[in-house]
Amino acid sequence: MKIFSSFDTNLKEKKMKQYIKQYGAERVLLLTKSSLYLWIFVTTPLLTTLAIIAGIYRVIYLLSWENIATTIYIGTPISLIILMYVITQNIIKNYIDYTMDFCIITPNLVEKFDQTWILQRDVKALSSEKIKSVNVRKGGLLYSIFNNGELSFMSEGDATMGEIQLDYIFHPEQAKKKIDIILNEETPPNIPAHTH
């Protein structure tokens with residue numbers, strides 16, 4: 001779905017189709033945020049908010065001397081305000097990040113797409129010739145338990161955080177191996193076949 005030019009829910013599929021056609025499926029890698037990101041930043045806050053709302057209804061019901069109608073009358077506006085605030089401030093933004101942030105690695109290019117709400121998309125591209133190393137960082141309990149980590153693409157002249165950084169990548173060591181193969185693969189010259 002394309003609402004604005006900067007918000008295209010089919011962009012990932014379009015870019016993958018383009019690069020696969022150009023390089024072949026075995027020479028293109030798509031990296032997205034893992035399901036750990038979804039659980040931490042979308043599912044858990046939503047379930048916590050719903051539990052808080054259920055608690056508010058319970059408290060109002062216990063304090064009320066009237067029937068269930070009073071509880072609904074008082075609890076509904078409070079619950080809606082809390083739910084709308086949490087959803088609009090955090091959950092929607094994080095869900096957009098989960099579904100629409102991605103990075104594509106090809107033999108010639110590493111391209112990262114970062115969607116910020118519906119009005120802004122940042123695209124960062126780095127030529128494979130400028131990449132001097134790909135680093136994996138796995139720190140913290142959750143990253144270790146769920147085999148997640150960060151990938152940094154270090155370019156010439158960059159000694160700090162990396163030109164392109166990806167977080168919540170599942171099995172980052174395996175992803176790095178695939179990236180190394182793709183980036184270091186020699187593109188065969190276009191020599192016409194000879195027939196005898």
Side-chain angles (χ1 to χ4, degrees), residues 5-44 90 93-191:
S5 63
S6 60
F7 189 83
D8 184 356
T9 55
N10 297 318
L11 180 65
K12 192 189 307 177
E13 289 75 22
K14 288 177 187 173
K15 296 299 284 187
M16 280 299 289
K17 200 178 214 180
Q18 172 195 335
Y19 286 133
I20 287 171
K21 186 177 179 182
Q22 186 177 352
Y23 298 104
E26 67 284 349
R27 300 174 76 196
V28 176
L29 177 64
L30 172 69
L31 294 175
T32 59
K33 292 185 184 298
S34 72
S35 54
L36 177 63
Y37 182 91
L38 182 70
W39 274 101
I40 292 173
F41 295 105
V42 178
T43 308
T44 301
N90 296 310
K93 178 198 173 298
N94 292 332
Y95 185 73
I96 288 171
D97 287 345
Y98 174 72
T99 55
M100 297 184 69
D101 287 1
F102 63 96
C103 183
I104 299 178
I105 293 95
T106 72
N108 296 330
L109 190 70
V110 173
E111 198 170 21
K112 181 187 178 189
F113 297 82
D114 190 5
Q115 185 70 44
T116 306
W117 285 101
I118 60 172
L119 296 177
Q120 181 180 341
R121 179 193 310 129
D122 296 323
V123 181
K124 198 179 238 188
L126 187 60
S127 168
S128 60
E129 295 172 357
K130 294 184 177 178
I131 297 170
K132 65 179 183 183
S133 67
V134 180
N135 299 329
V136 173
R137 183 178 173 273
K138 285 177 83 171
L141 185 63
L142 286 177
Y143 268 3
S144 295
I145 291 172
F146 295 100
N147 199 3
N148 273 236
E150 298 168 7
L151 283 171
S152 298
F153 294 85
M154 309 293 283
S155 69
E156 294 171 5
D158 180 64
T160 53
M161 298 297 287
E163 289 273 347
I164 291 180
Q165 282 194 297
L166 308 172
D167 58 1
Y168 290 93
I169 301 298
F170 180 67
H171 211 320
E173 293 92 351
Q174 185 178 342
K176 183 186 181 308
K177 285 178 186 174
K178 290 179 184 175
I179 291 165
D180 288 340
I181 290 168
I182 291 170
L183 293 180
N184 296 319
E185 192 173 82
E186 292 285 329
T187 306
N190 234 343
I191 300 171

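Just the heavy atoms: all of them, side chains too, but no hydrogens, waters or symmetry mates, feed the values below.
In the displayed structure, E129 atom CD is contacted under 6.0 Å by at most 12 heavy atoms of other residues, nucleotides or ligands. Within 6.0 Å of atom CZ in F113, more than 12 heavy atoms from other residues, nucleotides or ligands are found, so the atom counts as buried in its surroundings.
Using a 4.5 Å heavy-atom threshold, the side chains of P107 and L183 count as separate. The closest side-chain heavy-atom distance from L38 to T43 is below 4.5 Å. The closest side-chain heavy-atom distance from V136 to L151 is below 4.5 Å. By the 4.5 Å heavy-atom criterion applied to side chains, N94 and Y37 are counted as neighbours.
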Derivation of the side-chain contact (heavy atoms from CB on, under 4.5 Å) call for K12 and F102 | CA-CA 7 Å; K12 192 189 307 177; F102 63 96; 3.9 Å; yes

What's the verdict on side-chain contact (heavy atoms from CB on, under 4.5 Å) for L30 and K15, showing C-alpha distance, side-chain angles and the deciding distance?
-> CA-CA 10 Å; L30 172 69; K15 296 299 284 187; over 6 Å; no

Might you work through the side-chain contact (heavy atoms from CB on, under 4.5 Å) test for V123 and E111, ending with a clear yes or no?
-> CA-CA 7 Å; V123 181; E111 198 170 21; 3.8 Å; yes

side-chain contact (heavy atoms from CB on, under 4.5 Å) assessment of T106 paired with R27 = CA-CA 6 Å; T106 72; R27 300 174 76 196; over 6 Å; no

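Nearest heavy atoms, T32 versus I169: O-CD1, 3.6 Å. Between C103 and V110, the shortest heavy-atom distance links the atoms SG-CG1, 3.7 Å.
Not less than 6.0 angstrom separates the ring centroid of Y168 from the ring centroid of F146.
Considering K178, K177, K176 in turn, K176 is the only one that fulfils the salt bridge (charged side-chain N to carboxylate O under 4.0 Å, His left out) rule with D180.
Side chain of S127 to main chain of L109: no donor-acceptor pair is present (N/O by atom type, distance under 3.5 Å, no hydrogens or angles). Of the possible polar contacts, none joining the N135 side chain to the S152 backbone as a donor-acceptor pair under 3.5 Å is found.
To the nearest 0.5 Å, atoms CD (Q165) and NZ (K124) are separated by 8.0 Å. The OG atom of S133 sits 10.0 Å away from the CZ atom of F153 when rounded to the nearest 0.5 Å. Atom OH in Y98 sits 12.0 Å away from atom CD1 in I40 (nearest 0.5 Å). Expressed to the nearest 0.5 Å, how far CD1 of I182 lies from CD1 of I105 amounts to 6.5 Å. Atom CD1 of residue I179 and atom CG of residue L166 lie 7.5 Å apart, to the nearest 0.5 angstrom. Considering CD of Q174 and CG of N147, their distance stands at 9.0 Å, rounded to 0.5 Å.
A salt bridge is absent between K138 and E150: the closest approach of a Lys/Arg side-chain nitrogen to an acidic carboxylate oxygen does not fall below 4.0 angstrom. Taking a cutoff of 4.0 Å between a charged side-chain nitrogen and a carboxylate oxygen, K33 and D167 qualify as a salt bridge.
Side-chain contact of N108 with S128: a donor-acceptor pair under 3.5 Å is absent, judged by distance alone.
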